Amino acid sequence: MDRPPSPAPLTRQAPSVLHVDMDAFYAAVEQQHKPSLRGKPVVVGGVGLRGVVSTASYEARAFGVRSAVPTALARRLCPNAAYLYPRFAAYHAVSTVVMQLLRELSPLVEPVSLDEAFVDLAAMPDGAPRDIEQVRGIAEELRSRIARRTGLTASVGGGTSKLIAKVASDAQKPDGCVIVPVGGELDWLDPLPVRALWGVGPATADRLRKIGVGTVAELRVLTESDLVGLLGTAWGGMLFRLARGMDARAVEPERPTKSISAEDTYPHDLADRAAMRAAVTQLAERVVRRLRSAGHTGRTVTVKARGHDFTTVTRSETFGAPTDDERLVVEAAIRLLDDAVPAATASSTGIRLLGVGISGLADYAQGDLVAELARLERALGAAEARAQAGAGDGGAPGDGEAGTGFAEPNPAGPDGEPPPGAGAGAAAAHGESGPAVPAVTLFGPVPVDRAARRWLAGQDVRHAQRGPGWVQGAGVGRVTVRFEGPDTGPGRIGTFRADDPDLEPLDAGEVAREALRSRQSPA
DNA sequence: TCTGGGGTCCTAGGACCC
DNA sequence: TCTGGGGTCCTAGGACCC
């Protein structure tokens with residue numbers, strides 16, 4: 001078929017994205033730790049009745065054992081393999097070493113999992129590589145460093161995008177190194193099955209197969225609207241571009257956690273209510289423990305139940321405010337369980353899996369709070385210094401009201417435009433003199449009375465009116481007092497438990513007022 | 001051979017508000 | 001009184017990745 005003229009529109013001038021993929025990682029770590037396993041088939045995964053394989057060593061793959069194969073089948077295919085339960089702590093330790101080596105190369109590293117990462121060589125401190133030979137040299141040097149430090153092999157792919165780098169790292173596994181030259185992208189992609197494209201799984205491959213599309217080259221026959229019609233807006237458009245080697249996704253070093261969950265498949269179906277409640281309680285406790293140790297709170301609890309025939313159902317519930325209270329999460333999980341189980345067992349009896357998850361994580365992290373406060377102090381200090389240098393007279397907003405508690409709304413400032421969402425009179429607390437009054441966001445199920453509202457009306461309030469959980473009765477979760485001002489940027493003053501029995505109902509306003517006053521009083 | 005556990009992202013419908 | 005459209009949030013399910 002006709003091929004559109006190469007090269008595809010690409011932005012990079014060199015194949016500066018690397019994809020590093022450790023070979024048969026879990027199995028390789030086990031072989032490294034236990035020399036008697038070297039050269040022998042090793043299978044790491046669930047070893048129980050309903051387990052599946054996580055990783056098979058290359059020796060085991062020769063027998064047809066690969067990831068996601070049920071362990072029961074694997075044992076039949078390869079009875080002489082060593083079957084090992086995963087030891088994540090060990091894999092984590094090795095992974096840390098590898099990721100550190102990558103970061104020594106370039107600060108822009110995006111871990112995909114314990115055994116995989118993208119590295120953006122364009123961010124190398126000593127200058128980005130300019131041609132393919134330089135990239136090849138860097139990649140080979142990296143591979144030998146990894147081998148020296150860990151005793152393990154990695155396959156590395158390089159290209160002008162994540163897509164190409166990933167395809168390249170797969171091309172000569174294990175222990176391979178392939179760099180795709182600029183302009184050579186389509187030659188690599190064309191013969192590959194569509195499954196090789198990131199995001200094309202069994203379902204999409206099946207739909208494409210039904211219309212006669214099996215390879216990437218064949219995929220390019222379809223128009224964008226064909227694909228959008230087939231797969232929806234987001235996917236259709238994405239796949240249309242991927243098929244042309246167009247992939248503008250950046251290497252993103254830090255992606256915030258969105259949810260935390262735990263689930264168990266039971267070797268034998270659970271049948272009675274008491275056992276299910278006990279199981280879901282244990283799962284909820286596990287999740288809360290991990291939530292807390294990550295320094296997070298969350299708003300939405302989800303319970304998952306899978307019946308004997310694999311019918312899978314989820315039920316969720318959202319609190320008015322984020323929490324990490326174990327009791328609340330357990331209670332919600334049990335409520336949800338009672339709704340989910342009948343749905344999951346509608347067409348068969350018994351529950352094979354239960355899970356509990358928390359999402360809607362708040363950006364509250366205990367460990368960060370101190371650093372955050374220090375950063376805010378500096379920002380406010382700088383704003384104050386600028387303001388005082390600029391305008392002789394002080395009279396910081398907020399200062400004068402210290403005695404009465406709540407300010408009357410400030411008159412609108414000269415620079416007009418109240419921020420979006422600002423209440424009446426909220427405009428321009430940063431007037432002609434004095435430091436900017438930071439905007440304040442309050443959220444949490446805190447009863448806020450009229451005095452607090454009046455006080456807020458005098459602030460540069462951006463989000464308060466629409467914050468989730470704003471003015472709710474239940475004593476759940478935490479209150480975060482944040483501000484965002486033109487000179488300070490967004491930040492938090494502090495986070496306080498709203499369900500602390502020692503705190504008075506007015507805490508949100510009180511806390512904000514106190515915090516601002518203590519930071520804004522002129523020295 | 002009955003199919004893990006940790007996640008992410010997208011879609012679609014309904015509620016609710018403006 | 002009837003009608004409407006947009007935006008956001010919540011819920012449920014599904015596809016996908018390692």
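Residue numbering restarts at 1 for every chain, and letters A, B, ... go by the order of the sequence lines. No experiment lies behind these values; they were computed from the predicted model shown.
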> If you look at every strand shown and take non-hydrogen atoms under 4.0 Å, does A:Gly46 touch a base, only sugar-phosphate, or nothing?
nothing
> Could you measure the distance from the CG atom of A:Leu18 to the NZ atom of A:Lys166? Nearest 0.5 Å is fine.
14.0 Å
> Could you tell me which residues satisfy salt bridge (Lys or Arg N to Asp or Glu O under 4.0 Å) with A:Arg209, sequence neighbours excluded, listed by chain and number?
A:Asp206
> B:dT8 phosphate, OP1 or OP2: any side-chain N/O from A:Arg249 under 4.0 angstrom?
no
> Restricting to nitrogen or oxygen on both sides, can you table the protein-nucleotides 10-16 of chain B pairs closer than 3.5 Å?
unit_1	atom_1	unit_2	atom_2	d
B:dT11	OP1	A:Ala234	N	3.2

> Can any side-chain N or O of A:Arg61 pair as donor or acceptor with the backbone N or O of A:Ala56 at less than 3.5 Å?
yes
> Within this structure, what is the CE-to-C1' distance between A:Met238 and B:dC9, rounded to whole angstrom?
11 Å
> Which side-chain N or O atoms in residues 97-112 of chain A pair as donor and acceptor under 3.5 Å with protein atoms at least two apart or in another chain?
unit_1	atom_1	unit_2	atom_2	d
A:Ser106	OG	A:Leu108	N	3.1
A:Ser106	OG	A:Asp120	O	2.7
A:Glu110	OE1	A:Lys162	NZ	2.8
A:Glu110	OE1	A:Glu252	N	2.6
A:Glu110	OE2	A:Lys162	NZ	3.2

> For A:Gly51 and for A:Arg76, locate the closest nucleotide of DNA chain B by heavy-atom distance; then report the residue assigned to the nucleotide nearer the 5' terminus.
A:Arg76
> Who passes salt bridge (Lys or Arg N to Asp or Glu O under 4.0 Å) against A:Asp170, sequence neighbours left out?
none
> State which of C:dC18, B:dT8, B:dG4 makes the closest approach to the side chain of A:Arg352.
B:dG4
> Expressed in angstrom and rounded to an integer, what is the separation of A:Asp21 atom CG from C:dC17 atom C1'?
12 Å
> Tell me whether the count of non-hydrogen atoms from other residues, nucleotides or ligands lying under 6.0 Å of CZ in A:Arg249 goes above 12.
yes
> Return no unless some side-chain N or O of A:Lys258 is found under 4.0 Å from OP1 or OP2 of B:dG7.
no
> Do any side-chain nitrogens or oxygens of A:Ser261 fall under 4.0 Å of OP1 or OP2 in B:dG7?
yes
> Would you please name every residue forming a ring-ring contact (aromatic ring centres under 6.0 Å, His included) with A:Tyr26, sequence neighbours left out?
A:Phe88, A:Tyr91
> Surrounding NE2 of A:His33 (heavy atoms of other residues, nucleotides or ligands, distance under 6.0 Å), is the total greater than 12?
yes
> Contact class for A:Thr204 (heavy atom, under 4.0 Å): base, sugar-phosphate, or nothing?
sugar-phosphate
> Using the C1' atom in both, what is the distance from B:dC17 to C:dG4, to the nearest Å?
14 Å
> Could you tell me the separation between the CG atom of A:Asp264 and the P atom of B:dT3, rounded to a whole number of Å?
15 Å
> Applying side-chain hydrogen bond (donor to acceptor under 3.5 Å, both in side chains) as the test, list every pair that has at least one member in residues 226-241 of chain A; sequence neighbours left out.
A:Thr223-A:Asp226
> Identify whether any heavy atom of A:Ser67 sits under 4.0 Å from a base atom; if not, whether one sits that close to sugar-phosphate; answer base, sugar-phosphate or nothing.
nothing
> Rounded off to whole Å, could you give me the OH-to-P distance for the A:Tyr26 and B:dG6 pair?
11 Å
> May I ask you to verify if any side-chain N or O of A:Ser259 is less than 4.0 angstrom from the OP1 or OP2 atom of B:dT8?
yes
> Can you check the A:Asp309 CG to B:dT3 P distance for me, whole Å?
13 Å
> For A:Glu110 and B:dG7, give me the distance from atom CD to atom C1', rounded to whole Å.
14 Å
> When you get a sec, tell me which of B:dG7, B:dG4, C:dC17 is the closest nucleotide to the side chain of A:Ile260?
B:dG7
> Any non-hydrogen side-chain atom of A:Leu353 less than 4.5 Å from a side-chain atom of A:Thr312?
no
> How would you label the contact of A:Leu77 with the nucleic acid (heavy atoms, under 4.0 Å): base, sugar-phosphate, or nothing?
nothing
> Output the rounded distance in Å from CG (A:Leu239) to C1' (C:dC17).
15 Å
> When you measure from every atom of DNA chain B, which of residues 84-102 of chain A have a heavy atom less than 4.0 Å away?
none
> Please classify the nucleic acid contact of A:Val200 as base, sugar-phosphate, or nothing, using heavy-atom distances under 4.0 Å.
sugar-phosphate
> Using the salt bridge (Lys or Arg N to Asp or Glu O under 4.0 Å) criterion, which residues pair with A:Glu331? Sequence neighbours excluded.
A:Arg327
> Please indicate yes or no: is the ring centre of A:Phe310 less than 5.5 Å from the centre of the six-membered base ring of B:dT3, with the two planes inclined by under 30 degrees?
yes
> Using atom types as modelled and distance alone, determine if a side-chain donor or acceptor of A:Ser155 lies under 3.5 Å from a backbone N or O of A:Asp175.
yes
> What nucleotide among B:dT3, B:dG5, B:dT1 has an atom nearest to a side-chain atom of A:Leu73?
B:dT1
> Side chain of A:Thr265 only, please: which of B:dG5, C:dC17, B:dT1 is the nearest?
B:dG5
> Report which part of the nucleic acid A:Ala203 touches: base, sugar-phosphate, or nothing (heavy-atom distance under 4.0 Å, all strands).
sugar-phosphate
> How long is the line joining OH of A:Tyr83 and C1' of B:dG4, in whole Å?
16 Å
> Once side-chain hydrogen bond (donor to acceptor under 3.5 Å, both in side chains) is applied, what residue pairs with a partner in residues 278-287 of chain A remain, sequence neighbours excluded?
A:Asp264-A:Arg286
> How would you label the contact of A:Ala74 with the nucleic acid (heavy atoms, under 4.0 Å): base, sugar-phosphate, or nothing?
nothing
> Locate the shortest heavy-atom distance separating A:Ser95 from A:Leu114; write the atom from each residue and the value.
OG-O, 2.7 Å
> Would you list the pairs meeting salt bridge (charged side-chain N to carboxylate O under 4.0 Å, His left out) in which at least one residue belongs to residues 71-99 of chain A, sequence neighbours left out?
A:Glu30-A:Arg87
> Considering every strand and a 4.0 Å limit on heavy-atom distances, what is the contact class for A:Val53: base, sugar-phosphate, or nothing?
nothing
> Within this structure, what is the CD-CG distance for the pair A:Glu218 and A:Leu208, rounded to the nearest 0.5 Å?
10.0 Å
> Could you list by number each residue of residues 334-346 of chain A showing a heavy-atom separation from DNA chain B of less than 4.0 Å, or answer none if no residue does?
none
> Classify A:Lys166 by what it touches in the nucleic acid, base, sugar-phosphate, or nothing, heavy-atom distance under 4.0 Å.
sugar-phosphate
> Dot-bracket notation for DNA chain B is requested: 5' to 3', Watson-Crick or G-U wobble pairs only, both distances under 3.5 Å, with ( ), [ ], | and . as defined.
....||||||||||||||
